[in-house]
Amino acid sequence: YLLFLLLEYRRRTARGVTSWMIVSQCAFFAGVTNDALVGAGVYQFVYVSEYVFFSIVLAMSASLLSEFVRARAAVEEMNEVLDRRVMERTRALEMVSETTARALTDLQQKDERLLANIEQARLFQEKTLPVPPANADFGICYQPLEVVSGDTFDICELGPARLRIFLADVTGHGVQAAMRTTLLKTEYDRLKNTHEDAAGVLEALNRRLVGLFPDGEMMSTAVWPSCWNCRSFRSGTVCPRWTSNPVGSMPYFTRSGLPD
């Protein structure tokens, strides 16, 4: 039965080491048969089964050594394949890393140029802010939420003790709001001396902006035309507050003339 198993395994695997196992088994069977015949007195000869058994041991050792060599070769081949794949992945990651680094450098350079341009726009916007008349005492605090602002103002002297103060807050924030502010201030400077009445200035400014941008966003403005007797003209804004005492109340300025 053992010989049958070895022959079947040899047929399925076609491994040469199995042949040595079959030969050693046949030699061992022959040695056992010889010892049985010698013991029965059929003929005179030496007992050889103990010696022939070593052929089985040698055949098994050769088989195990062959399997070990084959397994080691398979492991080395798998290691080589793994090393090649690791090198390929490493090269691919290096290429991606270089591409990402170049893209990051480009973005940083673009951000630096953009910040430099915005800083220039801030300086330009500050230079366009009006200087208050010398005969009037003003406290002005101009602090944009971002680098550039969507707010602007103007102080125009109409006569003795008579000033027109223009405040504007356009929609949006940042650069787009600053561009709208520049447009609004430019148009206001063209119209501020064309009407004696502040309401007429706002009406002309509104027509001008609607004509330029019929589908544009609303720009909210407010104008105070005098210094001592204050009147409020609004265009899309809430009512301003009035105070003459830093610790007093601040009622809404809802009508012409001095508040109550």
Side-chain angles (χ1 to χ4, degrees), residues 94-134 136-158 163-195 198-199 201-225 227 232-243 246 250 253:
E94 289 177 351
M95 294 178 61
V96 172
S97 178
E98 292 176 357
T99 303
T100 303
R102 288 195 298 269
L104 181 59
T105 301
D106 293 340
L107 287 176
Q108 290 176 345
Q109 293 176 352
K110 290 180 180 178
D111 286 343
E112 291 175 356
R113 291 194 297 269
L114 180 59
L115 291 176
N117 291 333
I118 293 177
E119 179 64 20
Q120 291 294 325
R122 182 188 68 82
L123 295 175
F124 174 78
Q125 190 175 48
E126 290 183 354
K127 294 297 183 181
T128 59
L129 295 178
V131 178
D137 185 14
F138 278 89
I140 300 173
C141 180
Y142 189 80
Q143 294 181 341
L145 177 64
E146 299 182 8
V147 180
V148 291
S149 175
D151 303 326
T152 188
F153 68 94
D154 184 77
I155 302 173
C156 177
E157 188 173 6
L158 302 178
L163 301 175
R164 175 180 291 160
I165 302 173
F166 174 79
L167 303 176
D169 179 12
V170 304
T171 55
H173 298 283
V175 176
Q176 59 170 336
M179 296 299 294
R180 293 191 181 102
T181 300
T182 302
L183 171 65
L184 181 63
K185 184 64 167 57
T186 301
E187 295 301 326
Y188 174 76
D189 288 339
R190 295 175 56 185
L191 298 172
K192 65 182 181 180
N193 294 319
T194 59
H195 294 76
V201 175
L202 284 182
E203 183 179 358
L205 180 60
N206 181 70
R207 285 198 301 268
R208 177 64 177 170
L209 294 177
V210 172
L212 291 175
F213 302 98
D215 298 326
E217 298 178 354
M218 180 186 67
M219 297 183 180
S220 300
T221 61
V223 175
W224 285 262
C227 182
S232 171
F233 294 83
R234 296 176 291 107
S235 175
T237 60
V238 297
C239 295
R241 288 179 179 268
W242 170 272
T243 180
M250 297 178 63
F253 195 3

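Position 1 is the first residue of the sequence, and the numbers go up from there. Since we're looking at a predicted model, the values are computed, not measured.
- Among all heavy-atom pairs drawn from Gly150 and Ala177, the shortest one is CA-CB, 3.7 Å.
- To the nearest 0.5 Å, atom CD of residue Glu112 and atom CG of residue Leu107 are 11.0 Å apart.
- Distance OG/Ser149 to CD/Gln143: 10.5 Å, rounded to 0.5 Å.
- The nearest pair of heavy atoms linking Ala168 to Leu184 is CB-CD2, 3.3 Å.
- Here the CG-OG1 distance, from Leu191 to Thr186, works out to 11.0 Å after rounding to the nearest 0.5 Å.
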- Query: Would Ile118 and Glu146 count as a side-chain contact (heavy atoms from CB on, under 4.5 Å) if you check the C-alpha gap in whole Å, the side-chain angles of each, and the deciding distance to 0.1 Å?
  - Reply: CA-CA 10 Å; Ile118 293 177; Glu146 299 182 8; over 6 Å; no
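- Ionic pairing of Asp106 and Arg102 is not present here: no N-O contact between side-chain nitrogen and carboxylate oxygen is shorter than 4.0 angstrom.
- The NE2 atom of His195 lies 10.5 Å from the CG atom of Leu205; values are rounded to the nearest 0.5 Å.
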- So Cys156 and Asn193, side-chain contact (heavy atoms from CB on, under 4.5 Å) or not? Walk me through it. CA-CA 9 Å; Cys156 177; Asn193 294 319; 3.6 Å; yes
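- Annotation: side chain of Lys185 is not in contact with side chain of Thr128 (no heavy-atom distance under 4.5 Å).
- Contact of the Thr182 side chain with the Thr152 side chain is not registered, since no non-hydrogen atoms from C-beta on lie closer than 4.5 Å.
- A 4.5 Å side-chain heavy-atom check between Leu183 and Glu187 finds at least one atom pair inside the cut-off.
- Without hydrogens or angle criteria, Asn206 side chain to Leu202 main chain gives no donor-acceptor distance under 3.5 Å.
- Nearest approach of Arg190 to Arg208, heavy atoms of both residues: NH1-NH2, 3.0 Å.
- The shortest distance between side-chain heavy atoms of Arg113 and Lys110 falls below 4.5 Å.
- The two atoms that bring Pro130 and Ile155 nearest to each other are CG-N, 4.0 Å, heavy atoms only.
- Ring pair Phe153/Tyr142 is tilted by interplanar angle, where 30° to 60° counts as tilted.
- Of the listed residues (Val147, Val148, Asp151), just one forms a side chain to side chain contact (heavy atoms under 4.5 Å, CB included) with Gln125, and that residue is Val148.
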